[in-house]
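Below is one structure, written out as C-alpha cells, with a few remarks after it.
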Amino acid sequence: MFLNTLPNITDPDGFYAELLGVHEGLSDEDSIALNARLVLILANHIGDRAILTEALAVATKGGAK
Amino acid sequence: MPLDDRYQLAFRLYPYARSADQDTDRPVRHPVVVMGGGPVGIAMALDLGLQGIPVVLLDDHEGVGQGSRAICFAKRTLEIAHRYGCGRPMLDNGVLWNVGKVFHDDRQIYEFDLLPEDGHRNPAFINLQQPHFERFLVERVREAQAAGAPIALRGKNRIDAVAVRDDHVVIDITTPDGPYRIEADWLIGCDGASSPLRKMMGLDFEGRVFQDNFLIADITMKADFPTERWFWFEPHFKSGDSALLHKQPDGVWRIDFQLGWDIDRKEEMKEENIRRRLDAMLGPDVEYELVWTSIYTFQCRRMRNFRHGRVIFAGDAAHQVSPFGARGANSGIQDVDNLGWKLGLVLNGTAPESLLDSYDLERRHGADENILNSSRSTDFITPKSKISRAFRNAVLDLAEHHAFARPLVNSGRLSVPCVYDGLPLNTPDGLPGGPARTRPGAPCPDAPIGGGFLLDHLGWDFALLGVGVDVPDRFDAEGLTLRGLTVPAEGDIKDRYLGDTTCAVYLIRPDQHVAGRWPAFDAERVSAALARSMGKD
C-alpha cells in the first residue's frame, strides 16, 4: 500500500475550518460541484495511478475495515 | 431593587458584616476593588493580597453558588493555584484523568491519552466541581488574611452604579443595612458572562450565538464506568445528537446531551424527560440520582477591549466561550495571572500605567485563541449545513481504521495556555536553536530540579534562569531586584530549555512567561528586555 493514511496535514483544525469555509453559503448543488473540482485537482497533484486507485478503494469502503 | 439571592448557595463563605466604610462621612478610597466573588474574582483578590496590595472584593451573594458548573481544571490553572498556595487541596480532591474515548453510533472510533510527559508537578487535568474549586480559593484567602494579607471579602454588597473618573472610580453599593459609597483607584470587573458592570458602562460584548441547546445532568450512580472522558457522536442510544460522560469527585458523573435548536425548554427540564434520556443511555438496571440539571446554549464572544481607563475586565465578563475544551474558567485564571503582577508594579510606581494596556493586548490574544478553538469544536459537534454534516460524518466514518482522520475529529480541544507570540513585551528570540516551546512569550514548562520543581522557584517577581551557565544570584535593574537561579544542563530541563544549544539564560516574568532568552548573561541586554517587559518601551 502506497497511500499514506497516517496524519499528514499540518494544522488539521485550520484546514478543516478552511474547507468548510469555502462551502459556506453554497447550495447543495454548488457544494457537490465544488467537491468534484477539489477531488480532480487533488488527484492531479497526486498523479500516481496506483495511489489513486488505492484512494478510490478506501473511500468506497468507508468505515468498513 | 431588593437584595435577594438569585441562586442557592453551596457554601456560605463570606456572610454580610457591616464595614467601617459604611459609617464615614466621605467615601473611603481603596487601591483596588474587585467586583464579583467567582473563581476569577477570588483569584484576583488572592493574587493582589499576597503581593501586599490592599484589595476589597464585593459580591452580591454571601458565598459560592450551587451547581457543579465548570468541572475541568487544566494544568496551567493548577500551576497558578500552586503559586497562590492552594494547588494541593485541589489535586487531593480532584479526579485525575488522562484517557478520552470517542464513539460514533455504537462503535469506538479511537481513544486518546492526554498524559503529559514526565517531570511535571501537575497532571493535564483534574475534574473538580466549581464550588469546591472556589471554596479552596476562599480558604486560602482566609489563611492569607490570618498571615496579614490585606484582603477584604464583603458579601451581600451589590454594586448598583459606577462613575468612572480619569484617576478613580466612584462605586455605589447596596447592603442589607442600606446603601454606601466607596472609591477605587482601580476597579476589576470579574462579574461573569452577564456582567452588570459591563451593562452599567454601556460596553459591547459581541460574537456568535450557536444554535443548539445542551442538557447537563450531574448524577450519582453505582456503575462501573472507568475514569475516562467518553464522547459519542450520534449515539446509538438516541439520547441526543451527541453525549458526554465524565467523572467528578464524590461518585458524581457529568452527562451532557445535545438537544438541538428547536426545543421546549420547560418540557425538557421535566425530571421524567431527563430520566428517559438517561435510562436510554445507561440501561434499565442502573440506579442513579439527579444532583444538578441545567440547559444551556453557547456563545463565543468578547469585549472589544478589556481595559477601559481605570476599569479592567477579566474572566467571563470579558470573554465567553462554548464549554467544549474547558477554556472558560481556565482562561479566566490566566487573565488573573497576567493582570496581577502588572497592577502590582503600576500601583507601587515601578512601572508606567501603560503596562496595563499589555494586559488588554495579551489576554485578547488569549481570548481569540480560545474562541477560535471552541468555535471549531462547536462547528464539528453541531454541523450547520448539510455539507458540513457530510464532511463531519466522513471524518467519523474514516477515523476508526485510518489514522489520518483522527486529528480531524473534534470533540473539544482541551485548554492549554497561549503563547504571547509577537506581542510587545517580548524581546525577540536571542537563542538560535532554542526549543520552540520556551520561545519568548511562552509559559515556562515545569521540570524537576533538586527534589522539587522548577516552577516553585519562578513567579511573583522577575527572575533570571541560567541553564548550564551562571547568572548572578541577585541583579538590580529598572528599580527591581531580580533573583537568579543557575541550574545544570541535564534531564528534562535540558530538553525543555536548551534544545540544540549548550547553555541559555532566560528572563522570566512574574507570571512565569518567558520575556527573553540568550546564550549567556549580558547585563545590558537583560536590563533592556526587563524595561520592555515592564512596558517602558
Side-chain angles (χ1 to χ4, degrees), chain A, chain B residues 102-110 112 208 210 233-234 236 300 322 324-325 327 368-416 436:
Chain A
M1 183 138 161
F2 299 102
L3 179 70
N4 183 4
T5 59
L6 296 176
N8 192 36
I9 302 172
T10 50
D11 181 25
D13 285 347
F15 161 70
Y16 194 79
E18 197 177 338
L19 177 63
L20 294 191
V22 297
H23 283 279
E24 197 150 327
L26 297 190
S27 66
D28 292 348
E29 269 168 38
D30 288 345
S31 270
I32 291 169
L34 175 69
N35 277 342
R37 290 193 294 273
L38 183 61
V39 168
L40 295 172
I41 291 164
L42 296 177
N44 177 64
H45 181 83
I46 292 161
D48 188 312
R49 280 294 285 112
I51 290 178
L52 291 172
T53 299
E54 274 184 59
L56 289 168
V58 166
T60 304
K61 264 200 273 180
K65 181 123 192 167
Chain B
V102 180
F103 302 85
H104 185 205
D105 196 356
D106 58 351
R107 294 174 301 136
Q108 181 182 328
I109 53 175
Y110 80 109
F112 59 86
R208 247 179 99 187
F210 290 91
F233 292 99
E234 302 180 326
H236 60 95
C300 281
S322 72
F324 293 102
R327 289 169 179 268
D368 286 343
E369 187 174 298
N370 289 320
I371 286 171
L372 182 70
N373 276 288
S374 76
S375 297
R376 285 172 174 176
S377 301
T378 311
D379 283 337
F380 195 87
I381 292 163
T382 307
K384 57 179 194 272
S385 67
K386 213 164 150 183
I387 191 71
S388 58
R389 183 173 295 273
F391 273 116
R392 198 281 299 269
N393 286 354
V395 166
L396 295 174
D397 196 28
L398 291 165
E400 187 180 2
H401 298 299
H402 302 294
F404 87 90
R406 290 170 204 156
L408 296 168
V409 176
N410 194 341
S411 69
R413 297 285 179 242
L414 292 160
S415 171
V416 287

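Order of the sequence lines fixes the chain letters, A, B, ..., with proteins taken first and strands second; residue numbering starts at 1 for each chain.
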Anything under 3.5 Å between a donor and an acceptor, one on a side chain of residues 36-46 of chain A, the other on a protein residue two or more places apart or in another chain? List them.
none

Among residues 370-380 of chain B, residues within the sub-4.5 Å heavy-atom range of chain A, in order of number, are B:N373, B:R376, B:F380
Close contacts, residues 406-415 of chain B versus chain A, judged by heavy atoms under 4.5 Å | B:P407, B:L408, B:N410, B:R413
Identify which part of A:L26 has an atom lying under 4.5 Å from any heavy atom of chain B, answering side chain, backbone, both or neither.
-> neither
Heavy-atom nearest pair, A:H23 first then B:F391, reads NE2-CE1, 3.5 Å
Side-chain heavy atoms of B:I387 within contact of A:L34, under 4.5 Å = no
Distance, nearest 0.5 Å, that separates OG of B:S385 from CG of A:L20 | 7.0 Å
Supply the atom-to-atom distance B:F404 CZ to A:L3 CG, rounded to the nearest 0.5 angstrom.
-> 8.0 Å
Most contact-rich option vs chain B, by heavy-atom pairs under 4.5 angstrom, among A:I32, A:N35, A:N4, is A:N35
Can you run down the salt bridge (Lys or Arg N to Asp or Glu O under 4.0 Å) pairs that involve residues 19-28 of chain A, sequence neighbours left out, and say none if there aren't any?
-> A:E24-B:K384, A:D28-B:K386
